[in-house]
There are 2 protein chains.
Amino acid sequence: MQDLIKATKALSDETRLRLLNLVLTRECCVCEVMQALNISQTRASRNLKALHEAGFLKLRKNGLWSLYSVDEADMQARYPHLLRAVKRALQNNATAAEDRARLKKAERLGPGCVGQP
Amino acid sequence: MQDLIKATKALSDETRLRLLNLVLTRECCVCEVMQALNISQTRASRNLKALHEAGFLKLRKNGLWSLYSVDEADMQARYPHLLRAVKRALQNNATAAEDRARLKKAERLGPGCVGQP
DNA sequence: ATAATATATGCGAATATGCGCATATAAAGC
DNA sequence: GCTTTATATGCGCATATTCGCATATATTAT
């Protein structure tokens, strides 16, 4: 029950749902999502961390970047239904679609960007 | 997206999850759930109302009672996955099982109780 | 009508949450 | 070494949430 509380608390925030929407499309670093959602670095970093601590995202460090991605396998094991509910809600949402479009234009900043997947 | 936020916010609270657990077994009035969870009348009333406003419960008035029940059909239509996630979390939880046991012993108070299903 | 009862709610206090600002941390390049 | 850059975090403030107390509301019984 406590796990579900932690998970639903993490989902009950517009910024975090919009972040999850982006990371569901592909692995993202902090600077990309702050461009796509037009939010501050503090806000992006803290809410990504919250999603990570709630068990929705996994974190991988590469140089200066913190790369967040959805841990689909773990999610499927622990919350087989929650992720479906989220995807469903994001699929028919205009804001979520616009965010995904802006993510495509967002750039991964930094000198080490070239050739670092 | 806003609907999902409202729904997950309603679910991200232990009192409300325990209440939902009870009402999932059968229609309940306020005085029954406050006995089963051993919580105050204010707390029971307000959190049931929150679940109702979030679209999880339907409300029916009968005499002095407010009878809350899960609107399974509507839930299924609007959140086909959320309810499953909740049921799954409650199924393997000791507190939830104890609450259900105490609900069976709870009495629907009031003089009009006899013969009022 | 009055009394009793179940539920709802205004108010206030305690606590939690979200986020901006400034700063710290850490990795890469010079 | 120093600088630059991406990210994390301590602090403080504004806002939101939760809940108890007291009281209001509504229904039934007498």
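These values consider heavy atoms only, across backbone and side chains, with no hydrogens, waters or symmetry-generated copies. Just so we're clear, the structure is a prediction, and the values are computed from it rather than from any experiment. We name chains A, B, ... by the order of the sequence lines, and we start the count at 1 in each one.
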## Note on the structure
note: A:Ile39, atom CD1; C:dC19, atom P; distance rounded to Å ~ 8 Å
Return all side-chain donor-acceptor pairs below 3.5 angstrom for residues 67-78 of chain B, not counting sequence neighbours, or 'none' if the list is empty.
unit_1: B:Asp71; atom_1: OD1; unit_2: B:Asp74; atom_2: N; d: 3.3
unit_1: B:Asp74; atom_1: OD2; unit_2: B:Arg78; atom_2: NE; d: 3.1
unit_1: B:Arg78; atom_1: NH2; unit_2: B:Gly55; atom_2: O; d: 3.2

### Message
Are B:Glu32 and B:Arg26 packed together at the side-chain level, in the sense that at least one heavy-atom pair is separated by less than 4.5 angstrom?
### Response
yes
### A:Leu4 vs B:Leu11 side-chain heavy atoms within contact, under 4.5 Å
no
#### Entry: Atom-pair distance (CG on B:Asn38; P on D:dC19), nearest Å
14 Å
#### Entry: Within residues 3-11 of chain B, residues whose heavy atoms come under 4.0 Å of DNA chain C
none
### Query
Looking at residues at least two apart in the chain, or sitting in another chain, which of them share a side-chain contact (heavy atoms from CB on, under 4.5 Å) with A:Ala44?
A:Val30, A:Val33, A:Met34, A:Ile39
### Query
Is the shortest side-chain N/O distance from A:Ser40 to OP1 or OP2 of C:dC19 below 4.0 Å?
no
## Note on the structure
Separation of C:dG18 atom P from A:Glu53 atom CD, nearest Å, is 12 Å
### Task
Could you pull out all residues at least two apart from A:Lys6 that satisfy salt bridge (charged side-chain N to carboxylate O under 4.0 Å, His left out)?
none
### Task
With sequence neighbours excluded, tell me which residues meet side-chain contact (heavy atoms from CB on, under 4.5 Å) with B:Ala54.
B:Ala10, B:Phe56
Close N or O pairs between protein and nucleotides 7-11 of chain C (under 3.5 Å):
unit_1: C:dT7; atom_1: OP1; unit_2: B:Val30; atom_2: N; d: 3.1
unit_1: C:dT7; atom_1: OP2; unit_2: B:Cys31; atom_2: N; d: 2.9
unit_1: C:dT7; atom_1: O3'; unit_2: B:Ser66; atom_2: OG; d: 2.9
unit_1: C:dA8; atom_1: OP1; unit_2: B:Ser66; atom_2: OG; d: 3.2
unit_1: C:dA8; atom_1: OP1; unit_2: B:Tyr68; atom_2: OH; d: 3.0
unit_1: C:dA8; atom_1: OP2; unit_2: B:Ser45; atom_2: OG; d: 2.7
unit_1: C:dA8; atom_1: N7; unit_2: B:Gln41; atom_2: NE2; d: 2.8
unit_1: C:dA8; atom_1: N6; unit_2: B:Gln41; atom_2: OE1; d: 3.1
unit_1: C:dT9; atom_1: OP2; unit_2: B:Lys49; atom_2: NZ; d: 2.8
unit_1: C:dT9; atom_1: O4; unit_2: B:Thr42; atom_2: OG1; d: 3.3
unit_1: C:dG10; atom_1: O6; unit_2: B:Arg46; atom_2: NH1; d: 3.4
unit_1: C:dG10; atom_1: O6; unit_2: B:Arg46; atom_2: NH2; d: 3.1

### Under 4.0 angstrom between A:Asn62 side-chain N/O and D:dA6 OP1 or OP2
no
#### Entry: side-chain contact (heavy atoms from CB on, under 4.5 Å) evaluation trace for B:Gln35 with B:Arg102
CA-CA 8 Å; B:Gln35 291 174 69; B:Arg102 272 196 302 273; over 6 Å; no
### Task
For the residue pair B:Leu90 and B:Val86, establish whether any side-chain heavy-atom pair is separated by less than 4.5 Å.
yes
